[in-house]
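Report on the structure given below.
Source: prediction; values computed, not measured.
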Amino acid sequence: MNKIELLAPAGNLEKAKIAILYGADAVYIGGKQFSLRSRASNFSIDEIAELVKFANAHNSHVHVTVNMLPHESDLDGIEDYLKTLDSIGVHAIIVASPSIMMLAKKLGCTFEVHVSTQHSSTNSSAARFWKEKGMDRVVLARECQMEDIRSICEENILPIEVFIHGGMCISFSGRCVLSNHMTLRDANRGGCAQSCRWKYHLMDGDTELSDPTNLFSMSSKDLQAVDYIEDFIHMGVASLKIEGRMKSAYYLATVVSSYRMLIDYIYEHGHADEKIIERVKKEIAKAENRPTGPGFYNGLPGYKVQLYQDHDETVTQEYVAIVLDYDKESQMATLQVKNHFMPNQDLEIFGPHIQSTIIHVSDVYDSDKNVLEACNKPMQIVYTKWSGPIEVDAMIRKIR
């Protein structure tokens, strides 16, 4: 049995490489065309090619989203685009439009074609339909419950991909028209304005039901499926998908490495005990900026899984530096400052091969060897004597 895939998002090349270094078996990205999440930086053809080479060198894969639901004018250039992706060597495309799915197969592209969650596939009959059309994987709707997923996997029709972490749509995924109605930004063509997260006056005729000082919203808690990973593995799910192409490199490093630790533990020990579950949850919480819940995995979500008020995102400032270099002889570490921190204090380091470890950072110097009273200039290169675990691309954060 193949080991389950951990699939991570990336909005740009730096984030994609970080996700791979921190344990993703595959990353999914959007190109400049035909992709949702238009506000992500997204990838040029040259960047996709560079990422494929990087991924191949690290035994990882690249999936490209071609997941908009196109209108007639949106299809210009799609054939050349698919041929280019194929020549680059991407492993898979994630597609919402049946016309693009069938075109990729007609062109004889060697990459896999994965049916996007935009199709809201929720049963084995849908999976069987897509198999008959020649597709290679189905990304299930986020509205599937555990028994739905179990039943679909038991049919063993196509490899199944499920979401395990990140944003949840307040509507059936792929069916919301709020953004288009209110702003003429079409969510299914990459322009979602996230109207559900806006604040509204909730009215019953002329009577306001909402608190004018704390307005109504329709947002959902983010998904966090740590408790269900072992079940997914035993069900035979092919891929575990993290949502968040708009998220930061620090968020990806934290979330990916945490799920990587859990998956590897389950394969090594056969199960996940309470200790590892709590450890992973605590790690993930260090990067969260919204409350989380089980999505549909506990059944239909009740009001406790929704965020009708007080749902604003908080900006995490725990991530303070990344390791650029380390000289073993002098024991000097080269860091790039990301957020304000003070020298001579305990901090925490974690990396691609380092589990979270508390270390003491002593004096910190700038490039002119001046001792800094505070590290408060983002992107500044600084130096410090280091004793303890360290590696290039490791991240340093404050201790909560």
According to a hydrophobic-cluster definition based on side-chain heavy atoms being under 4.5 Å apart (Ile, Leu, Val, Met, Phe, Trp, Tyr only), do [X] and [Y] belong together?
X	Y	result
Y28	V90	no
M218	W198	yes
V162	L300	yes
L7	M261	no
V392	W386	no

[atom1]-[atom2] distance between [X] and [Y], expressed to the nearest 0.5 angstrom:
X	Y	atom1	atom2	value
E318	M395	CD	CE	13.5 Å
S367	Q380	OG	CD	7.5 Å
K221	M168	NZ	CE	12.5 Å
I160	S124	CD1	OG	9.5 Å
L324	L335	CG	CG	7.0 Å
L252	L21	CG	CG	12.0 Å

Check whether any side-chain heavy atom of [X] sits under 4.5 Å from a side-chain heavy atom of [Y], and report yes or no.
X	Y	result
D222	H165	no
H63	I93	no
I18	V256	no
V237	C153	yes
I4	I229	no
L82	I100	yes
I149	Y297	yes
I94	K241	yes

Pairing donors with acceptors under 3.5 angstrom, does anything connect the side chains of [X] and [Y]?
X	Y	value
D148	N123	no
R397	S356	yes
Y22	D393	no
D325	Y383	no

Taking [X] for the side chain and [Y] for the main chain, is one N or O donor matched with an acceptor at less than 3.5 Å?
X	Y	value
K15	K247	yes
T117	L140	yes
D366	D368	yes
K105	G134	yes
D327	M332	no
S97	N67	no
T65	I29	yes
S60	D25	yes
Q224	V226	yes
S217	L215	no

Work out which heavy atom in [X] is nearest to a heavy atom in [Y]; give both atom names and the distance.
X	Y	value
Y81	V66	CE2-CG2, 4.2 Å
V113	A104	CG2-CB, 4.0 Å
S387	I359	O-CG2, 4.5 Å
P343	V364	CB-CG2, 3.8 Å
A127	L158	O-CD1, 3.6 Å
A10	F43	O-CE1, 3.7 Å

Tell me whether the NZ or CZ atom of K338 lies within the 45° cone about the ring axis of Y250 and under 6.0 Å from its centre. no
Evaluate T122 against C144 for side-chain contact (heavy atoms from CB on, under 4.5 Å), listing each step before the verdict. CA-CA 6 Å; T122 55; C144 285; 4.0 Å; yes
Give me the ring orientation class for F232 and Y228: parallel if the planes are under 30° apart, tilted from 30 to 60°, perpendicular past 60°. tilted
Parallel under 30°, tilted from 30 to 60°, perpendicular over 60°: which one fits the rings of H91 and H114? perpendicular
Salt bridge check, E50 against K17: does any charged N sit closer than 4.0 Å to a carboxylate O? yes
Using a strict 4.0 Å threshold on nitrogen-to-oxygen distance, state whether E79 and K83 make a salt bridge. yes
Taking the six-membered ring for Trp and the single ring otherwise, decide whether the centroids of F163 and F296 are under 6.0 Å apart. no
With side-chain contact (heavy atoms from CB on, under 4.5 Å) as the test, would you mind laying out the steps for V138 and E161 before giving the verdict? CA-CA 6 Å; V138 175; E161 181 175 305; over 6 Å; no
Take H340 and M342 through the test side-chain contact (heavy atoms from CB on, under 4.5 Å) and record every step on the way to the result. CA-CA 7 Å; H340 175 276; M342 302 297 291; 3.6 Å; yes
Check step by step if side-chain contact (heavy atoms from CB on, under 4.5 Å) holds for D363 and K385. CA-CA 7 Å; D363 287 343; K385 196 84 169 179; over 6 Å; no
So, applying side-chain contact (heavy atoms from CB on, under 4.5 Å) with Y259, which one of D264, I242, L240, T254 is it? I242
Show your reasoning for whether salt bridge (Lys or Arg N to Asp or Glu O under 4.0 Å) applies to E243 and R142. CA-CA 11 Å; E243 184 275 341; R142 277 172 275 198; 5.1 Å; no
Is the number of heavy atoms from other residues, nucleotides or ligands under 6.0 Å of [X] [atom1] greater than 12?
X	atom1	result
K106	NZ	no
H181	NE2	no
K377	NZ	no

Let me see the working for E5 and R137 under salt bridge (Lys or Arg N to Asp or Glu O under 4.0 Å), right down to the final yes or no. CA-CA 13 Å; E5 175 186 83; R137 181 188 290 184; 2.9 Å; yes
Residue pair R279, D273: steps toward the salt bridge (Lys or Arg N to Asp or Glu O under 4.0 Å) verdict: CA-CA 10 Å; R279 180 177 180 180; D273 55 39; over 6 Å; no
